[in-house]
Amino acid sequence: MEQGNFDTFIVAIIGLIPVILSLSVHEFAHAWSAKQLGDDTATRHGRLTLNPIAHIDPIGTLVLPLLLTMQGLPAFGWAKPVPTDPSRYTRKISMWKGHMIVAAAGPISNLLMAIICLALASFLVHSGYIANTPEAIATFLIRMVIINIALFVFNMLPVAPLDGQSVLAGLLPSAWASGFHNISRRFGWIGLILIIVFAGRILARPVELIFTGLKAIVGLS
């Protein structure tokens with residue numbers, strides 16, 4: 001491997017760290033919320049953990065993001081889905097509401113991660129520590145923010161198998177939720193392919209708006 005390609009490979013490997021961490025937090029949030037609703041399926045499968053090893057999908061978490069990063073493209077990927085059993089959810093809420101809560105927990109955790117990283121960046125700036133902060137740390141924080149916002153926006157799209165599909169189903173009347181769920185499961189792959197193909201155009205503006213809004217909230221605007 002030539003030196004230039006080797007350097008690109010090393011940079012891409014390092015760039016995987018925020019992706020892996022963000023996906024691990026996302027899946028942990030699914031497992032944690034399911035546990036709170038009475039379903040310990042994910043716990044029994046070893047998924048109620050922030051340890052990335054438990055959540056890594058070889059292709060979706062490692063190979064694909066690495067190849068995209070090496071080509072100078074935005075990292076895209078997925079982790080192993082967290083197994084859940086809706087029949088074990090508490091009877092205090094409907095199954096569709098339980099689905100919605102568990103599904104929404106993943107994207108919400110990514111939004112919280114983005115806020116935390118931006119808040120830390122804001123602290124470094126306003127405390128005067130930013131001058132002494134290594135560039136790698138600043139780059140890491142911003143990358144974490146962008147990746148987590150992108151994961152939030154992408155996963156909240158109401159297309160199966162994304163979390164947004166279950167969130168929308170939970171917001172619909174029960175009589176409509178089942179029909180929407182069945183249609184989305186049957187034809188959602190078409191929408192998902194279109195979203196992936198046009199991801200740049202679909203995600204760029206929402207990510208930019210949320211990023212700008214969060215910067216204003218933490219005092220970085």
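Heads up: numbering here begins at 1 and tracks the sequence.
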So which atom in [X] and which in [Y] form the shortest heavy-atom distance, rounded to 0.1 Å?
X	Y	answer
Leu62	Pro58	CB-O, 3.3 Å
Arg47	Pro81	NH1-O, 3.0 Å
Gly106	Ser109	O-OG, 2.5 Å
Pro65	Gly77	CG-CA, 4.2 Å
Arg143	Pro18	CD-CG, 3.7 Å
Ala150	Val207	CA-CG2, 3.8 Å

Asp57 side-chain N/O to Gly60 backbone N/O, donor-acceptor pair under 3.5 Å | yes

Keeping the roles fixed (side chain from Lys35, backbone from Asp40), state whether a donor-acceptor pair exists under 3.5 Å.
-> no

Check: [Y] and [X] side chains under 4.5 Å, non-hydrogen atoms:
X	Y	answer
Tyr89	Thr84	yes
Asp39	Thr41	yes
Asp163	His30	yes
His55	Thr61	no
Trp78	Leu64	yes
Ile149	Leu214	yes
Val167	Met156	yes
Leu118	Phe211	yes

Please determine whether residues [X] and [Y] belong to a single hydrophobic cluster, defined as Ile, Leu, Val, Met, Phe, Trp and Tyr linked transitively by side-chain heavy-atom distances below 4.5 Å.
X	Y	result
Ile101	Leu171	no
Leu111	Phe154	yes
Leu21	Phe28	yes
Val102	Leu168	no
Ile217	Ile142	yes

Return the [atom1] to [atom2] distance between [X] and [Y], rounded to the nearest 0.5 Å.
X	Y	atom1	atom2	value
Leu37	Trp32	CG	CH2	9.0 Å
Phe140	Ile147	CZ	CD1	8.5 Å
Ser24	Ile56	OG	CD1	6.5 Å
Met100	Ile93	CE	CD1	7.5 Å
Leu124	Leu120	CG	CG	5.0 Å
Met95	Ser87	CE	OG	9.0 Å

Going by distance alone, is a donor N or O of one side chain under 3.5 Å from an acceptor N or O of the other, for Asn148 and Ser22?
->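 Indeed, the side chains of Asn148 and Ser22 share at least one donor-acceptor pair under 3.5 Å.
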
Could you check Val153, Leu151, Leu23 and say which one makes a side chain to side chain contact (heavy atoms under 4.5 Å, CB included) with Asn110?
-> Leu151

Hey, can you tell me if Trp96 and His99 have their rings parallel, tilted or perpendicular (30° and 60° cut-offs)?
->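 Geometry flag for His99 against Trp96: tilted rings.
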
Could you check Val145 against Cys117 for side chain to side chain contact (heavy atoms under 4.5 Å, CB included), going step by step and ending with a plain yes or no?
-> CA-CA 6 Å; Val145 172; Cys117 290; 3.6 Å; yes

